[in-house]
Amino acid sequence: MPRETKAHKRERALEIEQRMCERYPEAECALAYDGDPFRLTIAVMLSAQTTDAGVNKVTPELWRRYPTVADLAQADPADVQRIISTIGLYRTKAPRAVKIAQMVMADYGGEVPCDMDELQKLPGVGRKTANIVMNEGFGIVEGIAVDTHVNRIAHRLKLVPRDEDPNKTEQALLALYPRDMWGPINHQWVLFGREVCIARKPLCCECFLADLCPSCACLPATA
């Protein structure tokens, strides 16, 4: 099979995103955070290796017990651990949440920084989380948040080179898509990954991108 040209890959990528926009025209963040960038930061950090639904079940009690950044900064990590004990890696995430609050209070005057580099100085906040906070919390798009769904889909669609590193995946996608398309990609692709391009058993024969996906297992045989 001949190697795909850059021009054809870009054309295919644009068609993929057009169909994503048609399928998920109002895709939005699934985490409940009441419009507060700090709560969003904590929620995204908590969502690592667990479901957004699972995070949404524990954060109402977390916010009730610790309604402000200052409150969480003074929390006992053991108490936070009990509140979030139903999500994955809760023993690691509880002290991390308290440390984030303490750092926001000490270094940023109680306000989550509106800056990609500064956000990544917070404990447990990598580029993916920083991208989501900037995009969703502040309305500033500086990149594409590459979580497990986006990384998997980008590779199945063969839009990026063979590499499991999310940062390299992001850079490849940023080079492929125009800036005005970066914002909605994460939310759309997460929904697509949950509904269609499922990790263990993708629904290729039901996929609206089947004809654009080199990995699709349901394409008709050619004569």
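Note: hydrogens, waters and symmetry copies are ignored here, and every other heavy atom, side chains too, is used.
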Audit row: V160, L173, side-chain contact (heavy atoms from CB on, under 4.5 Å) steps and yes/no = CA-CA 7 Å; V160 301; L173 291 175; 3.9 Å; yes
Please tabulate, for the side chains in residues 41-51, all donor-acceptor contacts under 3.5 angstrom to protein atoms that are two or more places apart in sequence or on a different chain.
{"from": "T41", "atom 1": "OG1", "to": "P37", "atom 2": "O", "distance (Å)": "2.8"}
{"from": "S47", "atom 1": "OG", "to": "V44", "atom 2": "O", "distance (Å)": "2.6"}
{"from": "T51", "atom 1": "OG1", "to": "G54", "atom 2": "N", "distance (Å)": "2.9"}

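- What you find for H155 and P161 is that their closest heavy atoms are NE2-O, 3.2 Å.
- Residues satisfying the side-chain contact (heavy atoms from CB on, under 4.5 Å) test with R179, not counting sequence neighbours, are E142, W182.
- Connection of L119 to V146 is not established within any shared hydrophobic cluster, with ILVMFWY side chains joined at heavy-atom distances below 4.5 Å, either directly or through further cluster members.
- Under the 4.5 Å side-chain heavy-atom criterion for Ile, Leu, Val, Met, Phe, Trp and Tyr, V104 and M116 are members of the same hydrophobic cluster.
- Contact between A145 and V150 at its shortest, heavy atoms only, is O-CG2, 3.7 Å.
- Rounding to the nearest 0.5 angstrom, the gap separating the CE atom in M105 from the CD atom in Q74 is 8.0 Å.
- Remark: K9 pairs with E4, R12, L159, L176 by the side-chain contact (heavy atoms from CB on, under 4.5 Å) rule, at least two apart or across chains.
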Which donor-acceptor pairs under 3.5 Å do side chains of residues 188-202 form with protein atoms, sequence neighbours excluded?
{"from": "W189", "atom 1": "NE1", "to": "E17", "atom 2": "OE1", "distance (Å)": "3.4"}
{"from": "R194", "atom 1": "NH2", "to": "D52", "atom 2": "OD2", "distance (Å)": "2.8"}
{"from": "E195", "atom 1": "OE1", "to": "Y24", "atom 2": "OH", "distance (Å)": "3.0"}

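- When all heavy atoms are compared, the tightest approach of A101 to A73 is CB-N, 3.5 Å.
- Residue pairs that meet the salt bridge (Lys or Arg N to Asp or Glu O under 4.0 Å) test with at least one member in residues 28-49, sequence neighbours left out, are D34-R39.
- Closest of all the heavy-atom pairs between Y177 and A13 is OH-O, 2.9 Å.
- Remark: R162 engages no residue in a side chain to side chain donor-acceptor pair (under 3.5 Å) (not counting sequence neighbours).
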Let me see the working for L31 and N56 under side-chain contact (heavy atoms from CB on, under 4.5 Å), right down to the final yes or no.
-> CA-CA 6 Å; L31 293 167; N56 288 340; 4.0 Å; yes
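- Partners of N131 under the side chain to side chain donor-acceptor pair (under 3.5 Å) rule, at least two apart in sequence or in another chain, are E170.
- Considering only heavy atoms from C-beta on, L157 stays 4.5 Å or farther from L212 through its side chain.
- No side-chain heavy atom of L62 sits less than 4.5 Å from a side-chain heavy atom of V58.
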Which donor-acceptor pairs under 3.5 Å do the side chains of residues 78-91 make with protein atoms, sequence neighbours left out?
{"from": "D79", "atom 1": "OD1", "to": "R82", "atom 2": "NH2", "distance (Å)": "2.1"}
{"from": "S85", "atom 1": "OG", "to": "R82", "atom 2": "O", "distance (Å)": "3.2"}

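- With rounding to the nearest 0.5 Å, the separation of CD1 in I132 from CZ in R127 is 12.0 Å.
- Electrostatic pairing of R19 and E22 does not count as a salt bridge here, judged by no charged N lying under 4.0 Å from a carboxylate O.
- Residues P166 and N151 come closest through the heavy atom pair CA-OD1, 4.1 Å.
- With sequence neighbours excluded, the residues that form a side chain to side chain donor-acceptor pair (under 3.5 Å) with Y33 are E136.
- Of all the heavy atoms in A94 and P77, the pair that sits closest is CB-O, 3.6 Å.
- A distance of 6.0 Å separates CD in E61 from CZ in R65, rounded to the nearest 0.5 Å.
- Under the 4.5 Å side-chain heavy-atom criterion for ILVMFWY residues, a single connected hydrophobic cluster contains both V112 and M103.
- Residue R152 holds its CZ atom at 12.5 Å from OG1 of T169, rounded to the nearest 0.5 Å.
- In the hydrophobic clustering of ILVMFWY residues, with side-chain heavy atoms under 4.5 Å counting as a link, I140 and L174 come out apart.
- Hydrophobic clustering, with ILVMFWY side chains joined whenever heavy atoms are under 4.5 angstrom apart, keeps M134 apart from M181.
- A search for side-chain contact (heavy atoms from CB on, under 4.5 Å) contacts involving S215 returns R156, K158, C213, not counting sequence neighbours.
- Evaluation of the disulfide bond (SG atoms under 2.5 Å apart) test over residues 14-132, restricted to residues two or more places apart or in two chains, returns none.
- Applying the side-chain hydrogen bond (donor to acceptor under 3.5 Å, both in side chains) test to residues at least two apart or on different chains, the pairs with a partner in residues 107-120 are Y108-E118, E118-K121.
- To the nearest 0.5 Å, atoms CG (L203) and CZ (F208) are separated by 11.5 Å.
- Rounded to the nearest 0.5 angstrom, L122 CG and R96 CZ are separated by 11.5 Å.
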